Amino acid sequence: MKNKIIITIDGYSSTGKSTLAQALARKLDYKYFDSGAMYRAVTLFALRRNIFDKDPWDQKRLHDLLPEIDLSVQHLSLNGENIETEIRSMAVSERVSLVASIPEVREKLLHLQQALGQDRGIVMEGRDIGSVVFPNADLKIFLTASLEVRVARRYKELIEKGQKTTYEKVLNNLTERDRIDSSRIVAPLIKPIDAKEINNTHLNLEAQLDHIYQLSK
């Protein structure tokens, strides 16, 4: 594509945002970034520092430790360590929405995310990309799917990766993440007014990709 644009893909957990965004970026020869992975990286950092060992968990300590977090997003690393596999664990999934609700965390990552789009030619996915990170993006997509389909997708993904879990745990996790993501005070998960909504409950990747590619043109 001659004139490069910014494309945002937002939506609920396990709607296939990452798979679709990566495929679209390859087709357009654009850069791809997963904003959710950044929040997972901070969550992993918090787990390693025992931030969640107290009840309630220690938000102030996480805030104080934020300057120690150095993220590289081209090949996701935390303070120089590749963490792309470890951030996908259930332990991280169970706490990432809590961490993402902290205003100071969102502010730290917002500047990093916006810097990635300076040269345009980018597909970024997450929950507030079209509404907060790139409110003037050229094309905004909002993905939805039924809860049952999303749980089945996530459960299958975890089992294939050898992680021990149950369907009920995944259901509870996604339900709680939906609640926290949609109700947080700072940058809640919403559909931007100018976003194109796509319900992919019964759509395969090829159909979604073709539709969004045509929109991008």
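Here the structure is a predicted model, which means the values were calculated and not measured.
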State the [atom1]-[atom2] distance between [X] and [Y], to the nearest 0.5 angstrom.
X	Y	atom1	atom2	result
Y167	I159	OH	CD1	13.0 Å
H211	L215	NE2	CG	4.5 Å
L20	I212	CG	CD1	4.0 Å
L24	I141	CG	CD1	8.5 Å
L139	I7	CG	CD1	5.0 Å
N82	S77	CG	OG	7.0 Å

Counting heavy atoms not belonging to [X], are there more than 12 under 6.0 Å from its [atom1]?
X	atom1	answer
D29	CG	no
K196	NZ	no
F134	CZ	yes
K31	NZ	yes

Side-chain donor or acceptor of [X] paired with backbone N/O of [Y] under 3.5 Å:
X	Y	value
R26	Y32	no
D55	W57	no
Q114	V133	yes
D10	F142	no
N50	D53	no
S101	L98	yes
S14	V151	no
N172	E168	yes
S182	R179	no

Review point. Checking side-chain hydrogen bond (donor to acceptor under 3.5 Å, both in side chains) against N200, which of R150, Q208, K17 comes through?
Key: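 Passing option: Q208.
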
NZ/NE/NH1/NH2 to OD/OE distance under 4.0 Å, [X] and [Y]:
X	Y	result
D210	K27	no
K140	E197	no
D138	R120	yes
K108	D70	no
D181	R184	yes
R48	E86	yes
D128	R106	yes
E157	R88	no

Review point. Can you check side-chain contact (heavy atoms from CB on, under 4.5 Å) on L71 and L109, steps first, answer last?
Key: CA-CA 9 Å; L71 289 179; L109 298 185; 3.7 Å; yes

[X] and [Y]: which non-hydrogen atoms are nearest, and at how many Å?
X	Y	result
Y30	I122	CD2-N, 3.4 Å
K156	E160	NZ-OE2, 2.5 Å
M90	K169	CE-O, 4.4 Å
I83	A41	CD1-CB, 3.5 Å
P192	G130	CG-C, 3.9 Å
A187	V132	CB-CG2, 3.8 Å

**Study point:** Pair V96-I87, side-chain contact (heavy atoms from CB on, under 4.5 Å): steps then yes or no
**Key:** CA-CA 10 Å; V96 63; I87 60 170; over 6 Å; no

Please tell me whether [X] and [Y] are part of a single hydrophobic cluster in this structure, the criterion being side-chain heavy atoms less than 4.5 Å apart.
X	Y	answer
L78	I102	yes
F33	I69	yes
V186	L62	no
L76	L47	yes
I180	L189	no

Check your understanding: With a distance cut-off below 6.0 Å to the six-membered ring centre and an angular limit of 45° from the axis, does R95 pair with F52 as a cation-pi contact?
Key -> yes

Review point. Is there a side-chain contact between I9 and V123, using heavy atoms and a 4.5 Å cut-off?
Key: yes

Point to revise | Side chain to side chain, R61 and L65, heavy atoms closer than 4.5 Å | key: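 The answer is yes, as the side chains (C-beta and beyond) meet within the 4.5 Å cut-off.
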
Can a side-chain donor-acceptor contact be found between [Y] and [X] if the only test is distance below 3.5 angstrom?
X	Y	result
E125	T8	no
S93	R40	yes
R127	S35	no

**Study point:** H202 vs V149, side-chain contact (heavy atoms from CB on, under 4.5 Å): CA-CA, chis, key distance, verdict
**Key:** CA-CA 9 Å; H202 303 295; V149 166; 5.8 Å; no

Exercise for review: Could you walk me through whether E68 and R49 pass the salt bridge (charged side-chain N to carboxylate O under 4.0 Å, His left out) test, one step at a time?
Suggested key: CA-CA 11 Å; E68 297 184 17; R49 292 303 185 93; 2.8 Å; yes

Review point. Can L66 and V105 be said to form a side-chain contact (heavy atoms from CB on, under 4.5 Å), step by step?
Key: CA-CA 8 Å; L66 284 179; V105 173; 4.1 Å; yes

